[in-house]
Structure formats: structure tokens, C-alpha cells
**Student:** 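Let me give you the structure first, and then I'll get to my questions.
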Amino acid sequence: MSDKLFRVVPIEQVQDRSAFNSGSEPLDSYFRERVTQDVRYRVTACFVALSKDGRIAGYYTLASASVFLGDLPAKLIKKLPRYPSVPAVRMGRLAVDQAFKGQGLGGALLADALTRVIRSDIAAYALVVDAKDNTAADFYRHHGFLQTDSEPLTLFLPLATVPVLTNNYK
Ligand SMILES: CC(C)(COP(=O)(O)OP(=O)(O)OC[C@H]1O[C@@H](n2cnc3c(N)ncnc32)[C@H](O)[C@@H]1OP(=O)(O)O)[C@@H](O)C(=O)NCCC(=O)NCCS
């Protein structure tokens, strides 16, 4: 039996999402009402952190995306092929239930997402996020994300330098 505080499962393994409350109404209502339809139509994938007693502690979504070369800093563009854009993965949403905030779960879910993307056989240059506000952007900056040139709340993390991480939710 695992001694980890949380386990991360695909949303298909989760039944009742009604109690989830991150404090962000758009993130909560999307998770409660919309996400399974988007998963069914393969518009997104969604992964859920469950606590030891089976409560939903957090979730994130992943989908394929691209980044326009012109949105990247000049020093990074120099190393990339002259295509109009490079492949990426977007973490469209990330939320931790209020009862579980400040325990390292947000960072652990980010690490879980990075691990899935880096282990994929399909290449992606970066993980991209659209922070909902400056506080969220600070969370991503804290984890090494860089700002795109076009949009201050769109941040990205180049994946070539990210090591494959070992998840540790303790
Ligand atoms: C942002 C959010 C996911 C963070 O989750 P969390 O579980 O409380 O964060 P963690 O405990 O994992 O924090 C991990 C690290 O990030 C830091 N951190 C957390 N929030 C931060 C913020 N807003 N700005 C800067 N750093 C932050 C912590 O201090 C911690 O640092 P450390 O590893 O050096 O000790 C959570 O607060 C949340 O769900 N917010 C509402 C939704 C949201 O804003 N989502 C973001 C995407 S739009």
C-alpha cells in the first residue's frame, strides 16, 4: 500500500465532483459541469488528485497547443527551427481545493503534468499556461515559467532542460 498523501488519477476514475471548491468559481464550475464533456470529445485530458480518504484535492487539464515563434524571447528563438510556431502542451487549468492549499499539492500537480508531457513519445517544446491573474502568474514564475512577449499572463516552461521528476506528494 502506498504511503503517499495523494494519488493522481484520470478523471474517468472519479465519480462525484460536486464538492470541489478551489475558491475560483470559473475553475470550479468548469470542473463540476463541463470537463467530462471536453474529455469525451478529446478536447482536453484531466487528472485529479485524490486524498487518502478519497476526497478530490485538486485537478489539472492538459491539451496539445502551439506557441508562435514571435511570442518567444529572441535568445530562445535563435535555437529553434524557422517554423511559424513550435509544438507545446497547454495546462489550461490547475486548481487545488481550499482544504488542501499550501501543502505542496499545486507544485506536485505541476510536476505530475511535466512528467506526463516529458515522458510522452510526442515532442513538445514547452508547457504553456494561461494564468487567470497576477497571483497565479506568480505561482508559475516561482516554478521557473517565463513570460511570453505578447501576453503577460501566458507563461511557458521550455521542456528540454526539465529533468524527469519523481512524484512525491508528501
Ligand atoms: C495556485 C494554486 C494551484 C497553488 O496551489 P497550492 O497547493 O496552494 O501551492 P503549493 O503549496 O504547492 O505551493 C508550492 C510552492 O509555490 C509557492 N506558491 C504558492 N502560491 C504562490 C503564488 N501565488 N505566488 C508565488 N508562489 C506561490 C509556495 O510558496 C510553494 O513554494 P515552495 O515550494 O518554495 O515552498 C492554488 O492556490 C489554487 O488552486 N489557486 C486558485 C486557482 C488558481 O489560481 N490556479 C492557477 C492557474 S489559473
Side-chain angles (χ1 to χ4, degrees), residues 6 8 10-11 22-31 34-35 37-39 41-49 57-98 100-169:
F6 302 99
V8 180
I11 194 164
S22 72
S24 166
E25 178 48 31
L27 290 170
D28 294 348
S29 57
Y30 176 80
F31 183 66
R34 173 80 201 191
V35 68
Q37 182 172 328
D38 285 356
V39 169
Y41 286 99
R42 298 191 64 84
V43 177
T44 194
C46 179
F47 298 92
V48 177
Y59 82 92
Y60 68 85
T61 61
L62 290 181
S64 61
S66 61
V67 182
F68 288 112
L69 231 48
D71 289 343
L72 300 175
K75 67 173 186 202
L76 293 181
I77 295 177
K78 276 195 287 189
K79 298 174 183 164
L80 296 170
R82 298 279 150 233
Y83 302 143
S85 60
V86 284
V89 173
R90 171 168 271 105
M91 191 165 70
R93 292 174 173 86
L94 165 69
V96 169
D97 189 282
Q98 288 189 317
F100 296 93
K101 278 187 187 167
Q103 300 175 29
L105 181 58
L109 286 176
L110 185 55
D112 191 87
L114 285 167
T115 302
R116 284 179 206 278
V117 174
I118 289 166
R119 285 191 179 152
S120 170
D121 289 339
I122 301 171
Y125 169 71
L127 185 69
V128 179
V129 295
D130 296 307
K132 69 178 178 62
D133 53 29
N134 265 322
T135 307
D138 283 347
F139 170 80
Y140 291 118
R141 282 190 207 100
H142 178 82
H143 288 91
F145 279 71
L146 308 170
Q147 211 156 299
T148 55
D149 279 358
S150 60
E151 168 52 60
L153 293 181
T154 300
L155 298 103
F156 70 101
L157 187 64
L159 296 172
T161 53
V162 175
V164 176
L165 303 153
T166 307
N167 289 332
N168 183 9
Y169 306 114

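Worth saying up front: this structure is predicted, and the values here are computed from it rather than measured.
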**Student:** Looking only at heavy atoms, what is the nearest atom pair of Gly23 and Asp28, with distance?
**Tutor:**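 Taking every non-hydrogen atom into account, N-OD2, 3.4 Å.
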**Student:** Is there a side-chain contact between Leu62 and Thr44, using heavy atoms and a 4.5 Å cut-off?
**Tutor:**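 Side chain of Leu62 against side chain of Thr44, heavy atoms only: no contact under 4.5 Å found.
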**Student:** Answer yes or no: is there a side-chain heavy-atom contact under 4.5 Å between Leu146 and Pro158?
**Tutor:**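 A side-chain contact under 4.5 Å exists here.
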**Student:** Quick check: closest heavy atoms across Ala95 and Leu109, and the distance to 0.1 Å?
**Tutor:**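 Of all heavy-atom pairs spanning Ala95 and Leu109, the closest is O-CD1, 4.4 Å.
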**Student:** Considering only residues two or more places apart or on different chains, which pairs with a residue in residues 100-122 satisfy ring pair (Phe, Tyr, Trp, His ring centres under 6.0 Å)?
**Tutor:**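 Of all non-adjacent pairs touching residues 100-122, those that pass ring pair (Phe, Tyr, Trp, His ring centres under 6.0 Å) are Phe6-Phe100.
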**Student:** Mind jotting down which residue pairs meet the salt bridge (Lys or Arg N to Asp or Glu O under 4.0 Å) criterion with at least one end in residues 140-152? Sequence neighbours excluded, please.
**Tutor:**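 Found Asp138-Arg141.
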**Student:** Can you tell if the side chain of Asn134 reaches within under 4.5 Å of the side chain of Leu153, non-hydrogen atoms only?
**Tutor:**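 Touching, per the 4.5 Å side-chain cut-off.
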**Student:** Distance check, rounded to the nearest 0.5 Å: Ile11 atom CD1 versus Phe47 atom CZ?
**Tutor:**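 The CD1 atom of Ile11 sits 10.5 Å away from the CZ atom of Phe47.
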**Student:** Spell out, as yes or no, whether a donor-acceptor pair under 3.5 Å connects the side chain of Lys101 to the backbone of Ser22.
**Tutor:**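 Judged by distance alone, yes, a pair lies under 3.5 Å.
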**Student:** Let me confirm one number: the CG-OG1 distance from Leu110 to Thr115, rounded to the nearest 0.5 Å.
**Tutor:**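 If I round to the nearest 0.5 Å, the distance is 9.5 Å.
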**Student:** With side chain to side chain contact (heavy atoms under 4.5 Å, CB included) as the test, pick out the partner of Tyr59 among Val8, Leu94, Val35, Leu27.
**Tutor:**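 Only one of Val8, Leu94, Val35, Leu27 forms a side chain to side chain contact (heavy atoms under 4.5 Å, CB included) with Tyr59, namely Leu27.
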**Student:** Partners of Tyr60 by side chain to side chain donor-acceptor pair (under 3.5 Å), sequence neighbours excluded?
**Tutor:**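 Tyr60 satisfies side chain to side chain donor-acceptor pair (under 3.5 Å) with Asp112, Arg116 only.
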**Student:** Can you name the nearest heavy-atom pair linking Gln147 to Phe156, along with the distance?
**Tutor:**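 Minimum heavy-atom separation between Gln147 and Phe156: O-CE2, 3.5 Å.
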**Student:** Any donor and acceptor pair, going by atom type alone, linking the side chain of Thr148 with main-chain N or O of Thr154 inside 3.5 Å?
**Tutor:**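 Side chain of Thr148 to backbone of Thr154: a pair is present.
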**Student:** Quick one: which residue pairs count as a side chain to side chain donor-acceptor pair (under 3.5 Å) with a foot in residues 120-129, not counting sequence neighbours?
**Tutor:**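 For residues 120-129: none.
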**Student:** With heavy-atom distances below 4.5 Å as the criterion, would you say the side chains of Leu157 and Val129 are in contact?
**Tutor:**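 No. Closest side-chain heavy atoms not under 4.5 Å.
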**Student:** Nearest heavy-atom pair of Leu155 and Ala131: which atoms, and what distance?
**Tutor:**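 Here Leu155 and Ala131 meet closest at CD1-CB, 4.1 Å.
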**Student:** Show which side-chain atoms of residues 72-92 pair as donor or acceptor with protein atoms under 3.5 Å away, not counting sequence neighbours.
**Tutor:**
residue, atom, partner, partner atom, Å
Arg90, NE, Asp130, OD2, 2.7

**Student:** Tell me every residue that passes salt bridge (Lys or Arg N to Asp or Glu O under 4.0 Å) with Asp71, counting only those two or more places apart in sequence or in another chain.
**Tutor:**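 Expected list: none.
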**Student:** Return the minimal non-hydrogen interatomic distance between Ala124 and Val117, and the atom names on each side.
**Tutor:**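 For Ala124 and Val117, the tightest heavy-atom pair comes out as CB-CG1, 4.3 Å.
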**Student:** Under 4.5 Å between any side-chain heavy atoms of Phe31 and Thr61, yes or no?
**Tutor:**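 No, too far: nothing below the 4.5 Å cut-off.
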**Student:** Side-chain contact test, heavy atoms from C-beta onward, threshold under 4.5 Å: evaluate it for Lys132 versus Ser24 and give yes or no.
**Tutor:**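 Answer yes - side chains close enough.
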